[in-house]
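Structure, as structure tokens:
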Amino acid sequence: MTEACIRTAVEAIHSSPYQTVLYLAGGASQILGLLLSVPGASNTVLEAVVPYSRMSLIQLLAKIPLHFCSQQTADDMALLAYNRALKLSSPGSPVIGVGFTGSLASGRPKHGEHRFYMSTRTADRLWISKVTLTKGLRTREEEDRVSSHLLLKAIANACKVPSNDIPELSESDVSDECVKQFNEDQELEQLINGQICFKIYPFRSEIPAERKIILPGSFNPLHDGHIKLMEVATRICGDGYPCFELSAVNADKPPLSVSQIKDRVNQFEKVGQTVIISNQPYFYKKAELFPGSAFVIGADTAVRLINPKYYDGDYNKMLKILGGCKETGCTFLVAGRNVDGAFKVLDDLNVPEELKDMFISIPAEQFRMDISSTEIRKKSGT
């Protein structure tokens, strides 16, 4: 494979909108040089991890795999990489999770096959491949080069850019691959089941900022108060990408169905507002998913957030959990709401001294709307 062919393929990958996380074990090490040596790599590569030792791979997978070099392990790595890419990527950017595990030529003769497994995961597609190389045909460096070139081709295919100039294997090598396609319903089922951590619907037209301004809620229904609150919060923050966030999984109710999620997503499409569907009902988990974000909440939610009652009655546990949120760089913008029959703002709440700099007040003169989704449902009889 000529350097010109390599460069053409890599430039096409870097010009695509896809952002990638790679997890590589046992081979394909040259893929990193191929991607990173061509200008524009920061457009594509979010992170690359090489869990080369068994213990490193066990910690990455959070389990002991049945076989370290197997298609299942590559698929597990790709799914983890995909979820990691979702967390690291710009809002709305398509992402790819890449998993590779190989058993190539080594310093001593191998009794088994020289083989490797590749997996690339996108929002709607899982591509998997097993390649068995002819023993004795290549050195370790050559086998690593072959695996790197084929992985480059797999990434190009996932990015939907040409890769025809990347050479195939020799006649004596064996390759087997297949593709699984996912539709939107299947992707949402995977989210509800915890396989993927969130799905973003980027309905806003402007270019996303790296920092997110997130307004969580059930949005049953979405109403003008939500939209106006987000507008005010965005002005206060000064920069950031406004996103509404709906958790498909609830702390004390059954999870939403796929049809319920899609109905609520349709509301945001109609008004051109970006919405994230997650599976985390708790703020400390949301903070892990969206580090550095500004969460927009009402005073009623803030009251619960700083009440030890919701932390098994343990004040120190509450401080520890919210302190963890603080360490992720997250803040809370608090709007006034009716709490136990009285309108309250942030200054009316007893926020612990250690956490005060996490909370920012949305002045009542900038935003006040007492109606809630619950009241709207009651009035409409739904």
Side-chain angles (χ1 to χ4, degrees), residues 1-3 5-6 9-10 13 20-38 41 45 47-82 84 96-121 126-158 163 165-178:
M1 183 178 182
T2 66
E3 287 188 16
C5 291
I6 294 173
V10 175
I13 289 170
T20 307
V21 167
L22 302 93
Y23 290 158
L24 314 171
S29 64
Q30 294 172 52
I31 187 69
L32 300 181
L34 298 178
L35 291 171
L36 299 180
S37 62
V38 176
V45 181
E47 183 176 83
V49 177
V50 183
Y52 212 75
S53 73
R54 289 190 168 219
M55 190 54 67
S56 178
L57 188 55
I58 288 169
Q59 290 193 16
L60 175 72
L61 299 173
K63 66 179 181 181
I64 300 174
L66 188 61
H67 300 287
F68 284 83
C69 182
S70 67
Q71 191 64 65
Q72 184 61 56
T73 298
D75 293 352
D76 289 346
M77 294 167 77
L79 184 59
L80 287 168
Y82 175 76
R84 178 69 172 160
I96 305 168
V98 177
F100 177 98
T101 179
S103 179
L104 306 182
S106 64
R108 54 191 179 193
K110 268 193 166 69
H111 296 297
E113 299 171 328
H114 292 196
R115 69 194 190 281
F116 56 88
Y117 301 87
M118 300 179 290
S119 182
T120 60
R121 169 66 200 250
L126 173 67
W127 175 86
I128 60 178
S129 175
K130 175 188 178 182
V131 176
T132 305
L133 300 174
T134 305
K135 264 188 175 182
L137 184 63
R138 305 174 180 89
T139 64
R140 167 63 186 233
E141 184 179 4
E142 290 168 340
E143 289 190 352
D144 189 86
R145 184 180 301 117
V146 167
S147 63
S148 297
H149 289 174
L150 289 177
L151 189 57
L152 180 64
K153 183 172 183 176
I155 294 170
N157 289 342
S163 59
D165 291 333
I166 301 178
E168 297 295 334
L169 299 161
S170 70
E171 290 184 2
S172 56
D173 300 320
V174 179
S175 176
D176 182 34
E177 65 181 65
C178 72

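The model shown is predicted, which means the values in this text are computed figures rather than measured ones.
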*Measure the shortest side-chain to side-chain distance between V45 and L32 over non-hydrogen atoms and say whether it is less than 4.5 angstrom.*
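No, every pair of side-chain atoms sits at 4.5 Å or beyond.
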*Flag side-chain contact, heavy atom, 4.5 Å: L133 against L169*: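 Heavy-atom side-chain distance check passes, below 4.5 Å.
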Distance check, rounded to the nearest 0.5 Å: [X] atom [atom1] versus [Y] atom [atom2]?
{"X": "L35", "Y": "T20", "atom1": "CG", "atom2": "OG1", "result": "7.5 Å"}
{"X": "S147", "Y": "I31", "atom1": "OG", "atom2": "CD1", "result": "9.0 Å"}
{"X": "T120", "Y": "I128", "atom1": "OG1", "atom2": "CD1", "result": "10.0 Å"}
{"X": "K153", "Y": "I13", "atom1": "NZ", "atom2": "CD1", "result": "12.0 Å"}

Taking all non-hydrogen atoms of both residues into account, name the closest pair between [X] and [Y] and its distance.
{"X": "L126", "Y": "R121", "result": "CD1-CB, 4.3 Å"}
{"X": "S170", "Y": "R138", "result": "OG-NH2, 3.8 Å"}
{"X": "S172", "Y": "L137", "result": "OG-CD2, 4.2 Å"}
{"X": "V38", "Y": "L34", "result": "CG2-O, 3.8 Å"}
{"X": "A25", "Y": "P51", "result": "CB-O, 3.7 Å"}

*Which of these passes ring pair (Phe, Tyr, Trp, His ring centres under 6.0 Å) with F100: Y23, Y52, F116?*
F116
Can any side-chain N or O of [X] pair as donor or acceptor with the backbone N or O of [Y] at less than 3.5 Å?
{"X": "D173", "Y": "V131", "result": "no"}
{"X": "R140", "Y": "A105", "result": "yes"}
{"X": "E143", "Y": "L104", "result": "no"}

*asked:* Checking E177 now: which residues fulfil salt bridge (charged side-chain N to carboxylate O under 4.0 Å, His left out) with it, not counting sequence neighbours?
replied: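 Scan of E177 (salt bridge (charged side-chain N to carboxylate O under 4.0 Å, His left out), adjacent residues dropped) gives none.
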*salt bridge (charged side-chain N to carboxylate O under 4.0 Å, His left out) involving E141 - partner list, sequence neighbours excluded*: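 E141 satisfies salt bridge (charged side-chain N to carboxylate O under 4.0 Å, His left out) with R145 once adjacent residues are dropped.
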*What pairs meet the salt bridge (Lys or Arg N to Asp or Glu O under 4.0 Å) rule with one or both residues in residues 100-114, with sequence neighbours excluded?*
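For residues 100-114, and leaving out neighbouring residues, the salt bridge (Lys or Arg N to Asp or Glu O under 4.0 Å) pairs sorted by first residue read E113-K130.
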*Taking side chain to side chain contact (heavy atoms under 4.5 Å, CB included) as the test, write out the residues that go with V174, two or more places apart.*
T132
*Please name all residues satisfying side chain to side chain contact (heavy atoms under 4.5 Å, CB included) with K135, sequence neighbours left out, ordered by chain then number.*
H114
Please output the side-chain donor-acceptor pairs of residues 55-73 that fall under 3.5 Å, not counting sequence neighbours, one pair per line with the distance.
residue	atom	partner	partner atom	Å
K63	NZ	D76	OD2	2.9
S70	OG	H67	O	3.1
S70	OG	T73	N	3.2
S70	OG	T73	OG1	3.0
Q71	NE2	D75	OD1	3.1
Q71	NE2	M118	O	3.3
Q72	NE2	D76	OD1	2.8
T73	OG1	H67	O	2.6

